[in-house]
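For this chain, numbers begin at 1 and follow the sequence in order.
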Amino acid sequence: MALGVLAAGLCALPASGYAQAPPVNDNYLQSLRLNEPGSRVERRDTLRDVRDTTNATVQGDVFNPPQSGGPAERRSCAGASFGKTVWYDVYPDVNGVIRLRASGYDAAIAVVPFDRRTSRPNFGAALCSNDSSSTSEEYLVEVRRGDSYSVQIGGVNEASGRLEFLFDFLA
């Protein structure tokens, strides 16, 4: 499902005394798609998603759930540790640059290439950005047509709360 459709729904706050569930894109294999494989990436409008990451987690095995045998999530960027992560996928239909913005708390952004056939992330080739203690992060990354990328956003030193994620594609 494309993010533009999902972006209209803000997570509702739970009634007092009830534990809030983690965000729907808390796990790597449940990442939200910014576009479908083989479809055109949105070029005119900024895609926006707002999530409460208070109960987001970090996976010791990105394939669990529902399987096992995957690597652990990346937990550091530019010397800072991060956690309480959420995930988004993008499948560029042409070469370009993705502009990623995260705001609401001190966050790190990683762009992780992955094998579309196996879903295995290549954390060794991941690129990341962490702008010290700023509550707004912006990151520009070149991407290639036909490749697959996951965007991982996590709170530095386990920061969490209302996260606004903005995505632009520059072909």
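In terms of modelled atom types and a separation under 3.5 Å, the side chain of D115 and the main chain of R117 share a donor-acceptor contact. The main-chain N or O of G70 is found under 3.5 Å from a side-chain atom of D61 such that the two form a donor-acceptor pair. With R51 contributing its side chain and P23 its backbone, the two residues share no donor-acceptor pair below 3.5 Å. Using modelled atom types, one side-chain atom of N122 and one backbone atom of A125 make a donor-acceptor pair closer than 3.5 Å.
Both L100 and L127 are members of a single hydrophobic cluster when ILVMFWY side chains are connected at heavy-atom separations under 4.5 Å. Under a hydrophobic clustering in which Ile, Leu, Val, Met, Phe, Trp and Tyr are joined whenever their side-chain heavy atoms come within less than 4.5 Å, directly or via other members, I153 and V97 fall into different clusters. The hydrophobic cluster containing V41 also contains V141, counting ILVMFWY residues as joined when their side-chain heavy atoms lie under 4.5 angstrom apart, directly or transitively. Hydrophobic clustering, with ILVMFWY side chains joined whenever heavy atoms are under 4.5 angstrom apart, keeps V143 apart from V112. Both V90 and L32 sit in one connected hydrophobic cluster of ILVMFWY residues. Membership requires side-chain heavy atoms under 4.5 Å apart, directly or through other members.
Between atom CZ of residue R33 and atom OG of residue S148 there is a gap of 9.0 Å, rounded to the nearest 0.5 Å. In this structure, OG in S39 is found 10.0 Å from CG in L34, a value given to the nearest 0.5 Å. Atom CH2 of residue W87 and atom CD of residue Q59 lie 7.5 Å apart, to the nearest 0.5 angstrom. The structure places CD of E164 at 4.5 Å from CZ of R48, a figure rounded to the nearest 0.5 Å. For the atom pair Y105 OH and T54 OG1, the distance stands at 8.0 Å (nearest 0.5 Å). Between atom NZ of residue K84 and atom CG of residue D52 there is a gap of 9.5 Å, rounded to the nearest 0.5 Å.
The two residues R116 and P37 come nearest to each other via the heavy atoms NH1-CB, 3.5 Å. Taking all atoms of both residues into account, the shortest heavy-atom contact from Y149 to V111 is CD2-CG1, 3.9 Å. Here the closest heavy-atom approach between residue I109 and residue A102 is recorded as CD1-CB, 4.0 Å. In this structure, S119 and L29 approach most closely via the heavy-atom pair CB-CD2, 4.1 Å. Closest of all the heavy-atom pairs between A78 and N130 is CB-CB, 4.4 Å. Of all the heavy atoms in G83 and R75, the pair that sits closest is CA-NH2, 4.0 Å.
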Could you check F165 against L47 for side-chain contact (heavy atoms from CB on, under 4.5 Å), going step by step and ending with a plain yes or no? CA-CA 8 Å; F165 171 61; L47 300 179; over 6 Å; no
Determine, stepwise, if the pair V86 / L163 fulfils side-chain contact (heavy atoms from CB on, under 4.5 Å). CA-CA 10 Å; V86 291; L163 172 70; 3.8 Å; yes
Would you check, one step at a time, whether the test side-chain contact (heavy atoms from CB on, under 4.5 Å) holds for N25 with Y88? CA-CA 7 Å; N25 57 337; Y88 301 86; 3.3 Å; yes
Before giving the answer on side-chain contact (heavy atoms from CB on, under 4.5 Å), spell out for I98 and L140 the whole-Å C-alpha distance, their side-chain angles and the decisive distance to 0.1 Å. CA-CA 6 Å; I98 53 176; L140 299 168; over 6 Å; no
Please walk me through it: do R145 and D147 pass salt bridge (Lys or Arg N to Asp or Glu O under 4.0 Å)? CA-CA 6 Å; R145 173 185 180 267; D147 287 349; over 6 Å; no
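Defined by atom type and a distance below 3.5 Å, a donor-acceptor pair is present between the side-chain atoms of E137 and S129. T135 and D106 share no donor-acceptor pair across their side chains, judged by distance under 3.5 Å alone. Between the side chains of D26 and T57, at least one donor-acceptor pair of N or O atoms lies under 3.5 Å.
At a threshold of 4.5 Å between non-hydrogen side-chain atoms, the residues V151 and Y139 do not count as touching. Using a 4.5 Å cut-off on side-chain heavy atoms (C-beta onward), P71 and R120 make contact. Considering only heavy atoms from C-beta on, V24 stays 4.5 Å or farther from Q30 through its side chain.
D131 pairs by the salt bridge (charged side-chain N to carboxylate O under 4.0 Å, His left out) definition with nothing, not counting sequence neighbours.
Between Y28 and F114, the ring planes lie perpendicular to each other; the angle is over 60°, past the 30° to 60° tilted range.
Contacts classified as disulfide (SG to SG under 2.5 Å) and involving residues 40-94 (residues at least two apart or in different chains) are given here: C77-C128. Applying the ring pair (Phe, Tyr, Trp, His ring centres under 6.0 Å) test to residues at least two apart or on different chains, none of the pairs has a partner in residues 36-58.
The only member of R44, R43, R101 that meets side-chain hydrogen bond (donor to acceptor under 3.5 Å, both in side chains) when paired with D168 is R101.
Atom CD of E142 has 12 or fewer heavy atoms from other residues, nucleotides or ligands within 6.0 Å. For R144, the CZ atom sits in a loose shell: 12 or fewer heavy atoms of surrounding residues, nucleotides or ligands are nearer than 6.0 Å.
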